[in-house]
Structures are given as structure tokens and as C-alpha cells.
2 protein chains.
Amino acid sequence: MIKDFEAERCDCNVLHEDVVKKVKLKMPQYTDMNDLAELFKIFGDTTRINILSALFEEEMCVCDIAYLLNMTQSAISHQLRVLKQARIVKNRKDGKVVFYSLDDEHVKRIIDQGLIHVNENNKGRALNE
Amino acid sequence: MIKDFEAERCDCNVLHEDVVKKVKLKMPQYTDMNDLAELFKIFGDTTRINILSALFEEEMCVCDIAYLLNMTQSAISHQLRVLKQARIVKNRKDGKVVFYSLDDEHVKRIIDQGLIHVNENNKGRALNE
DNA sequence: ATAATATATGAACGTTTGAACATATAATCA
DNA sequence: TGATTATATGTTCAAACGTTCATATATTAT
């Protein structure tokens, strides 16, 4: 059964077949993992993270975000598009101005967890090195 | 004060100066945001996420991970290096074999939060589209 | 209507990234 | 000792990514 799954790309031997079997059964589904990587990929960019951390505080329009982050309106607009397609932000239009805000409670929780990790890690680094 | 910060790259006007000021004060530090993006960048790859979700279950050696994920030993080894440099996994050597495991409790929490989001999102998508 | 402004979007470009391949290191075994 | 095996690492290459520039759309103001 594990044999069915095995393939051409792997160039080495199973050393602990029992472990592999057990882990394979417990591991979350492929699709979930792919979606998860996609989600984190979106957070894995300084511009986008900065946009999000700004939106944590308040809804903002494109120009204000661009000004705040000292970046081109176009660059911000492109990134907002990415965030919107991923359903991480939503927008509302008021005349010419488009306001963006967070679309989801989870987002803040994920990022907060990340910040906790980063802070702990920096503490450790400061002590050790 | 906001003027000092403003720069050449931004090509548009502040529309709501009060909002920008307020958000700027509250936003987390630059360094934190950079570190955070770096952290998420690491999670933003299918191979690495798969490695991590395997290690959630049990410590594993390089060959077993390669076999489980049906990838080259080299590819896995390279990614484990990335994960180790980021202090996300640690390893112990036993003869020729090197076992990898999670280095940090936070990691699981971050990824679990991510999974919650992904699942919620997929539910929504299934209903709407 | 025309001009000005806010935002969106397409194309181009340089950079980054992940996998493949070859090879090096280190440990075991014959 | 030499062969084998597990892992690490340097290099190369194609694909993905983010920004810039030019331009399109849409809304307001004159």
C-alpha cells in the first residue's frame, strides 16, 4: 500500500517503514497542505504583511497605505489584489476612494501567533549570541 | 514628523492624514514585520509544510521524509537546512542517520491557526461557488 | 465636456527560489 | 582498507515573484 504511493522521484530507501506508515496515516490531507502553503506564501512578503498590520488598526484607502508604507500606488494596488483574491481583505468603494479592511478574524490570530514566535526567537537569539 | 518618513517612492497623496498618523503609531516595528514575513515565507512552501506536518507526528530521518513525500533526498535535505537555520526544526545524529524534529511549540500553534483558516475558507467556497 | 484624481491592470524586467544533478563528507560494514 | 550508505552542499536552470512603467477605467469637479 505504501508501495502504490512510492514513486520515481524518491532516490533513497525507507529506513523505518513503521514510522513512515504511521505518519502517513496521521498527516493532514494533501489539499489542505497545499492551501495552507498558499496562505502562508501570501503572508511571506514584507509589503503584504505591512499592509495587513496596518489594516489591523483601521480600514484604509490605497493612497494612504501607499503613503504610509512609502511605496508606489501601483505596487500597493497589486498586492491588495493578491490579498483580496485570497479573501484576506475586502473593500468598499466611496466615490473615487476604495477602502480596504480585513475580511477575516482568523488572519489576525495567525499573524499574532507568528509575532509571538518571532519575539520569543529574538529573545533567545539575544541571549545566546 | 510624518514628512520625515515620507519619501520618493510614494507617488500619491495622503487622503486621510489623521488615519495614517494613528495607524503609524500603533503599527508594530519594522524589524518585527520583516522577521514575521521571513517566518511565513518559510511556511509558504508545500514541501516545507509537508515536512513540518510530518514532524508533528514524530521525529523522522531524512530518507524517510524523502520517501514519504516522494522527493529527492537532496531536495529534502536542502529544505531541512532552511528549516533548521530558521530554528524551526532541530536534529540529532545516530550513526549515519540524522533525525529531525520540531524545535518549537509555537510552530504547531501557528500552523494549526492556518489550518483553521483554510478549512473555514474552503467551507465558504463550497457553499458560495 | 474637459480636467483632475483614485484606483486597477497589463507588460516588462530583474531577482529570488526550489529542484535536479553531481559531488563531498561522514559513518558503518565487509 | 575499501565499499556502501546516509546526509550535506555547491552549481545550474527554469519558474515564480514583486516592482516599475505605461496606460486604462471610473468618479468627481470645473
Side-chain angles (χ1 to χ4, degrees), chain A residues 7-17 19-20 34 37-38 40-52 59-86 89-101, chain B residues 7-17 19-20 34 37-38 40-52 59-86 89-101:
Chain A
E8 314 69 39
R9 251 184 298 173
C10 177
D11 59 354
C12 58
N13 307 316
V14 210
L15 296 190
H16 313 84
E17 196 156 350
V19 173
V20 174
N34 269 319
E38 288 309 311
F40 284 132
K41 199 174 291 177
I42 288 170
F43 294 149
D45 174 79
T46 311
T47 302
R48 286 191 293 264
I49 279 281
N50 278 326
I51 292 176
L52 291 177
E59 74 167 9
M60 288 181 82
C61 72
V62 182
C63 269
D64 286 348
I65 300 175
Y67 181 84
L68 175 70
L69 301 183
N70 183 26
M71 294 186 64
T72 306
Q73 173 270 322
S74 173
I76 298 298
S77 199
H78 276 295
Q79 297 302 352
L80 283 170
R81 186 160 158 273
V82 173
L83 291 170
K84 196 178 175 213
Q85 281 178 340
V89 303
K90 58 178 190 269
N91 57 14
R92 73 181 174 86
K93 203 166 183 179
D94 182 13
K96 279 181 294 193
V97 182
V98 179
F99 291 95
Y100 283 82
S101 57
Chain B
E8 314 72 37
R9 253 184 294 172
C10 178
D11 59 353
C12 57
N13 307 317
V14 209
L15 296 190
H16 314 83
E17 195 156 353
V19 173
V20 174
N34 269 321
E38 288 308 313
F40 284 132
K41 200 174 290 176
I42 288 172
F43 294 149
D45 173 79
T46 310
T47 302
R48 286 191 292 264
I49 279 282
N50 278 324
I51 292 175
L52 290 177
E59 73 166 9
M60 288 180 83
C61 72
V62 181
C63 270
D64 287 347
I65 298 174
Y67 181 84
L68 174 71
L69 301 183
N70 182 25
M71 294 186 65
T72 307
Q73 174 270 321
S74 172
I76 298 298
S77 198
H78 276 293
Q79 296 302 351
L80 283 170
R81 186 159 158 277
V82 173
L83 291 169
K84 197 180 174 212
Q85 280 179 340
V89 303
K90 58 177 187 266
N91 57 12
R92 73 181 173 85
K93 202 166 185 181
D94 182 14
K96 278 182 296 195
V97 183
V98 179
F99 291 95
Y100 282 83
S101 58

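Below, chains carry the letters A, B, ... as their sequence lines are ordered, and counting in each starts from 1. Note that these values count all heavy atoms, side chains included, but never hydrogens, waters or copies made by symmetry.
The aromatic ring of A/H78 is stacked on the base of C/dT9, with the two ring centres less than 5.5 Å apart and the planes inclined by under 30°.
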*Determine, step by step, whether B/Y100 and B/V98 satisfy the side chain to side chain contact (heavy atoms under 4.5 Å, CB included) criterion, reporting the C-alpha distance in whole Å, the side-chain angles of both residues, the deciding distance to 0.1 Å, and the verdict.*
CA-CA 7 Å; B/Y100 282 83; B/V98 179; 3.6 Å; yes

*Is there a side chain to side chain contact (heavy atoms under 4.5 Å, CB included) between B/N70 and A/C10 once you walk through the steps?*
CA-CA 5 Å; B/N70 182 25; A/C10 177; 4.0 Å; yes

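For the pair A/R81 and C/dA8, the criterion of a side-chain N or O lying under 4.0 Å from OP1 or OP2 is not met. For C/dA6, neither phosphate oxygen OP1 nor OP2 lies less than 4.0 angstrom from any side-chain nitrogen or oxygen of A/Y100. Dashed line: the shortest gap from a side-chain N or O of B/N13 to OP1 or OP2 of C/dA6 is under 4.0 Å. Not one side-chain nitrogen or oxygen of A/R9 sits closer than 4.0 Å to the OP1 or OP2 atom of C/dA19. Within the 4.0 Å cut-off from OP1 or OP2 of D/dA6, not a single side-chain nitrogen or oxygen of B/Y67 is found. A sub-4.0 Å separation between OP1 or OP2 of D/dG18 and a side-chain N or O of A/R48 is present. OP1 or OP2 of D/dT7 has not a single side-chain nitrogen or oxygen of B/S74 nearer than 4.0 Å. Checking the phosphate oxygens (OP1, OP2) of D/dT27, a side-chain nitrogen or oxygen of A/K93 falls inside 4.0 Å.
Atom P of nucleotide C/dG18 and atom CZ of B/F43 are separated by 14 Å, given to the nearest angstrom. Protein atom CG of A/D94 is 14 Å distant from nucleotide atom C1' of C/dT5, rounded to whole Å. Distance, A/I76 CD1 to C/dA8 C1': 14 Å, rounded to whole Å. If you take CG of B/L69 and C1' of C/dA20, they are 17 Å apart, rounded to a whole angstrom. Put simply, CE on A/M71 is 19 Å from P on C/dA6, counting in whole angstrom units. Between B/N50 atom CG and C/dG18 atom P there is a gap of 14 Å when expressed in whole angstrom units. Note: CZ (A/R92) to P (C/dA8) measures 14 Å, nearest angstrom. Distance CE (B/M60) to C1' (D/dA6): 15 Å, rounded to an integer number of Å.
Of all nucleotides listed (C/dA19, D/dT7, C/dT7), C/dT7 comes nearest to the side chain of A/V62. The A/D45 side chain lies nearest to D/dG18 when the options are C/dT7, D/dG18, C/dA19. Distances from the side chain of A/K96 to the nucleotides C/dT5, C/dG10, C/dA27 place C/dT5 closest. Set against C/dA19, C/dA6, C/dA8, the side chain of A/V97 has C/dA6 as its closest nucleotide. Here the nucleotide nearest the side chain of B/A75, chosen from D/dT28, C/dA19, C/dT7, is C/dA19.
No engagement by A/K84 is indicated, since no non-hydrogen atom pair under 4.0 Å with the nucleic acid exists. Here A/L15 lies in heavy-atom contact (under 4.0 Å) with sugar-phosphate atoms only. If you check every strand for non-hydrogen atoms under 4.0 Å, A/F99 touches nothing.
Judged by closest nucleotide on DNA chain D, B/S77 is the one of A/K41 and B/S77 placed further toward the 5' end.
For A/K90, the NZ atom sits in a packed shell: over 12 heavy atoms of surrounding residues, nucleotides or ligands are nearer than 6.0 Å.
No donor-acceptor pair under 3.5 Å is formed between the side chain of A/D64 and the backbone N or O of A/M60. A donor-acceptor pair is defined here as one N or O able to donate and one able to accept, closer than 3.5 Å; such a pair exists between the side chain of A/D45 and the backbone of A/T47. In terms of modelled atom types and a separation under 3.5 Å, the side chain of A/D11 and the main chain of B/Q73 share a donor-acceptor contact.
Remark: aromatic rings of B/F99 and A/H16 are close, center separation under 6.0 Å.
For D/dC21, its base never sits under 3.5 Å from the side chain of A/T72 at any donor and acceptor pair. Residue A/Q73 places no side-chain atom within donor-acceptor reach of the base of C/dA6, judged by atom type and a 3.5 Å distance cut-off alone.
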